[in-house]
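Side chains are part of it too, since the values below use all heavy atoms of this structure and drop only hydrogens, waters and symmetry mates. Below, chains carry the letters A, B, ... as their sequence lines are ordered, and counting in each starts from 1.
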There are 2 protein chains.
Amino acid sequence: MSKKALTRDAILQQAVRSASQIGISRLTIGSLAEQSGLSKSGLFAHFGSKEALQLAVVQAAQAQFVEEVVKPAFTQPRGMARLHALFHGWVMRLYAGSMPGGCPLLAAAYEFDDQPGAIRDALVAGQRWQRDTLQRLLQEAHDAGELAAGSNVPLLAFMLFGLIQSAHHDHQLLDNHHSAQLALQGFAQLCGAPAPYAGQAGS
Amino acid sequence: MSKKALTRDAILQQAVRSASQIGISRLTIGSLAEQSGLSKSGLFAHFGSKEALQLAVVQAAQAQFVEEVVKPAFTQPRGMARLHALFHGWVMRLYAGSMPGGCPLLAAAYEFDDQPGAIRDALVAGQRWQRDTLQRLLQEAHDAGELAAGSNVPLLAFMLFGLIQSAHHDHQLLDNHHSAQLALQGFAQLCGAPAPYAGQAGS
DNA sequence: CTCAAAAAAGAACGATCGTGCTATTTTGCA
DNA sequence: TGCAAAATAGCACGATCGTTCTTTTTTGAG
């Protein structure tokens with residue numbers, strides 16, 4: 001990999017971390033340059049504009065999600081095992097140290113939902129793909145007879161995504177230490193999988 | 001009401017609308033003054049600092065939520081009727097014209113979850129109160145025997161709040177026209193209430 | 001109507017940001 | 001090693017923002 005690409009990747013890795021804390025729209029070229037050990041103009045030359053930088057951050061965060069959540073899930077056999085691995089990995093990533101300020105893509109969905117442009121377009125495409133992936137794995141589990149008969153697959157995908165958002169909200173804002181457990185219990189209730197920690201539900 | 005208070009309320013009403021579109025942290029005194037027909041310094045004098053303005057916007061949005069969602073629900077009799085009214089009003093407000101850019105409080109939760117200060121404190125208190133209210137109405141419905149026996153009330157509150165967030169996300173970012181219907185179907189599945197539009201679930 | 005107090009306007013400041021231009025350093029091949 | 005090209009640094013600009021200070025307009029009670 002060329003030096004340019006190496007430097008660019010290092011910038012983006014740090015930028016995703018920063019975006020998780022302050023949001024993509026509040027990234028500044030100056031502070032990002034300082035964190036990367038570059039000058040403002042040196043960093044700027046890698047992207048050409050702030051919007052291009054923000055778009056690259058979105059794409060880097062999406063690629064990171066695929067690497068850390070989707071790919072590991074696809075090592076599991078098709079059906080409930082793969083579905084459970086996807087949901088479990090998705091939830092647990094909210095508590096991993098790699099994103100100290102929460103998921104930058106969920107935050108960006110709120111930041112850019114009213115700002116047409118390339119960034120919003122990329123977010124929409126990415127979120128649609130995430131949802132479609134979740135729904136496809138649900139459908140495969142349903143086809144394999146591992147979900148309750150008559151399950152409404154699109155509704156289940158909608159509800160599971162809500163569990164993830166609720167866990168994110170409770171963890172990041174309310175410091176609710178039971179949020180991961182609640183999300184996994186919710187998955188168990190909706191999809192009938194064995195519930196980790198079942199029976200330990202406190203108040 | 002004094003003229004000062006009248007002007008301040010008009011400013012805040014417009015500010016909440018703007019915050020729903022661009023977020024609380026990106027409100028600017030200049031554009032807010034222009035929208036209110038005031039000068040920058042004229043508007044500034046009402047709050048004394050930008051942070052005080054943002055805090056007032058949070059409090060105004062919270063008061064608006066109580067007026068438009070919570071109070072109407074409490075006109076219903078205790079139990080499932082009141083619970084259903086709260087959830088229904090909460091979801092339907094996402095589609096009312098009063099907040100064109102989505103719920104500013106949900107967006108602010110993502111904006112400020114990593115920025116300690118008075119604004120975050122106010123958001124935490126407000127979100128905790130919302131959740132406690134939802135959970136209290138669930139408990140009352142449960143005590144009245146209107147929920148499935150053995151229902152996990154805190155988990156139900158967590159899941160219902162997830163439905164609201166999922167509806168918000170699907171509506172604001174993905175332009176999913178079925179999002180309200182999905183949230184209400186989800187409520188029906190979790191709480192056993194009659195589902196409006198049941199059976200019309202498309203893809 | 002009078003006039004003091006309240007409310008708003010106007011102008012200017014320091015700071016910060018994105019961006020463009022030029023000079024300097026570093027890289028990698030001949 | 002020499003040198004062209006790539007990568008980065010240095011510097012300055014216009015714009016925007018929050019804030020302060022002073023002046024002008026508006027309000028409402030006597």
_From CD of Glu34(B) over to C1' of dC17(D), roughly how many Å is that when rounded to an integer?_
14 Å
*Side-chain contact, heavy-atom cut-off 4.5 Å: Cys191(B) with Leu160(B)?*
yes
*Under the 3.5 angstrom rule, does the side chain of His168(A) hit a backbone N or O of Cys103(A) as a donor-acceptor pair?*
yes
With the criterion being N/O to N/O and under 3.5 Å, what pairs connect the protein with nucleotides 13-20 of chain C, and how long is each?
{"residue": "dG18(C)", "atom": "OP1", "partner": "Lys50(A)", "partner atom": "NZ", "Å": "2.8"}
{"residue": "dG18(C)", "atom": "OP2", "partner": "Ile29(A)", "partner atom": "N", "Å": "2.9"}
{"residue": "dG18(C)", "atom": "N7", "partner": "Lys40(A)", "partner atom": "NZ", "Å": "3.2"}
{"residue": "dT19(C)", "atom": "OP2", "partner": "Lys50(A)", "partner atom": "N", "Å": "2.6"}

*Using a strict 4.0 Å threshold on nitrogen-to-oxygen distance, state whether Arg128(A) and Asp121(A) make a salt bridge.*
no
*Leu6(A) CG - dG28(C) C1' separation (whole Å)*: 14 Å
*Nearest whole angstrom, please: distance from the C1' of dA6(C) to the CZ of Arg8(B).*
16 Å
*Is the side chain of Ser151(B) donor-acceptor paired with the backbone N or O of Leu147(B) at a distance under 3.5 Å, no angle test?*
no
*How long is the line joining NE2 of His46(A) and C1' of dT8(D), in whole Å?*
8 Å
*Take the protein atom CG of Leu38(A) and the nucleotide atom P of dT8(D), then report the distance between them rounded to whole Å.*
6 Å
*asked:* Quick test of your reading of the model: are Asp114(B) and Arg120(B) salt-bridged, counting only N-O distances below 4.0 Å?
replied: no
*To the nearest Å, give me how far apart CG (Leu32(B)) and C1' (dA8(C)) are.*
16 Å
*asked:* In this structure, how many angstroms lie between the P atom of dG10(D) and the CG atom of Leu43(A), rounded?
replied: 14 Å
*Is the backbone of Leu138(B) close enough, under 3.5 Å, to the side chain of Glu146(B) for a donor and an acceptor to pair up by distance?*
no
*Can you tell me how far P of dG28(C) sits from NZ of Lys4(A), to the nearest Å?*
14 Å
_Between Ser36(A) and Ala33(A) (side chain of the first, backbone of the second, donor and acceptor by atom type, cut-off under 3.5 Å), is there such a pair?_
no
*Examine dA8(C): is either OP1 or OP2 under 4.0 Å from a nitrogen or oxygen in the side chain of Thr7(B)? Give yes or no.*
yes
*What is the per-nucleotide protein-contact pattern of nucleotides 22-30 of chain D, from the 5' end, where B denotes a base atom under 4.0 Å from a protein heavy atom, S denotes such proximity for sugar-phosphate atoms only, and - denotes neither?*
-----S---
*Could you give me the CA-CA distance, side-chain angles and deciding distance for Asp143(A) and Gln139(A), then say whether side-chain hydrogen bond (donor to acceptor under 3.5 Å, both in side chains) is met?*
CA-CA 6 Å; Asp143(A) 292 346; Gln139(A) 185 66 53; 2.9 Å; yes
*Parallel under 30°, tilted from 30 to 60°, perpendicular over 60°: which one fits the rings of Tyr110(B) and Tyr110(A)?*
parallel
